[in-house]
Amino acid sequence: MKTRAERRRERRKQWFVQAEVEDFIRQEYPACPEFAVVYFATRICTVPKNWRSAPISEAVDVTMQNMLRHQLTDYDQLMLIGVRRKEARRRVQPKVNAIIDGWKKQRPEMVAQPVEKRMDPREFAAELLITDKVIMDRLAK
């Protein structure tokens, strides 16, 4: 019989290697900011979730969708005011898709950079605000 510590270690076992996940994200989402690449890869590799039979692409897609939905949209606020889950997801999905589609396109100024060439966080925050305004303007049309 396994001890509690052994069972805990098994649950927290890292199913993916972080460097491989980071490389996959940089290859598939070249415009994804470097801090987001590291954040998503860390989330996939350390948060207890059963990724045993899932490919890296599925783990990345699910994690990106979830994190963007909760962090960069009003999804949680919609749920709090009583909007049903399916309707709340339908409302915020265009914004999530726009962000992910933007990351899939190769833009030289937004390519994920190695640590020594990272963008100044203040510049990134300004770029994110501009991108958010462009997305909201497109959705309003």
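This one's a predicted model, so the numbers in the text were calculated from it and none came from an experiment.
Counting heavy atoms from C-beta outward, Ile44 and Phe24 have side chains that stay 4.5 Å or more apart. Side-chain contact between Asn97 and Gln65 is present, with at least one heavy-atom pair separated by less than 4.5 Å. For the pair Gln93 and Tyr75, the minimum side-chain heavy-atom distance is 4.5 Å or more. Inter-residue side-chain proximity for Glu28 and Val60 is flagged as unmet; no heavy-atom pair is nearer than 4.5 Å.
With rounding to the nearest 0.5 angstrom, the OG1 atom of Thr46 is 7.5 Å from the CD atom of Gln18. If you take CG on Asp61 and CD1 on Ile25, they are separated by 11.0 Å, rounding to the nearest 0.5 Å. Interatomic distance, CG of Asn66 versus CD of Gln71, reported as 10.5 Å (0.5 Å rounding). Rounding to the nearest 0.5 Å places CZ of Arg91 at 8.5 Å from CG of Asp74. Taken to the nearest 0.5 Å, the CZ atom of Arg43 stands 13.5 Å off from the CE atom of Met64.
Under a 3.5 Å cut-off, the side chain of Glu87 and the backbone N or O of Arg84 do not form any donor-acceptor pair.
For Glu20, there are no side-chain hydrogen bond (donor to acceptor under 3.5 Å, both in side chains) partners at least two apart in sequence or on another chain.
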Begin with the C-alpha distance, continue with both residues' side-chain angles, and end with the deciding distance and a verdict on side chain to side chain contact (heavy atoms under 4.5 Å, CB included) for Lys95 and Arg69.
CA-CA 8 Å; Lys95 184 174 182 180; Arg69 181 184 313 115; over 6 Å; no

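Counting all heavy atoms, side chain and backbone alike, Val21 lies closest to Cys45 at CG2-SG, 4.0 Å. What you find for Met79 and Ala88 is that their closest heavy atoms are SD-CB, 4.0 Å. Taking both residues in full, the closest heavy atoms of Gly102 and Ala31 are given as O-CB, 3.5 Å, listed atom of the first, atom of the second, then distance. Heavy atoms only, all atoms of each residue included: Glu22 and Ala41 are closest at CG-CB, 3.4 Å.
Placement of Tyr29 and Leu72 within a single hydrophobic cluster is found when ILVMFWY residues are connected by side-chain heavy-atom separations under 4.5 Å, directly or transitively. Note: the hydrophobic cluster containing Ile99 does not contain Val92 (ILVMFWY, side chain heavy atoms under 4.5 Å, direct or indirect links). Linking Ile, Leu, Val, Met, Phe, Trp and Tyr whenever their side-chain heavy atoms come within less than 4.5 Å puts Phe16 and Met67 in one cluster.
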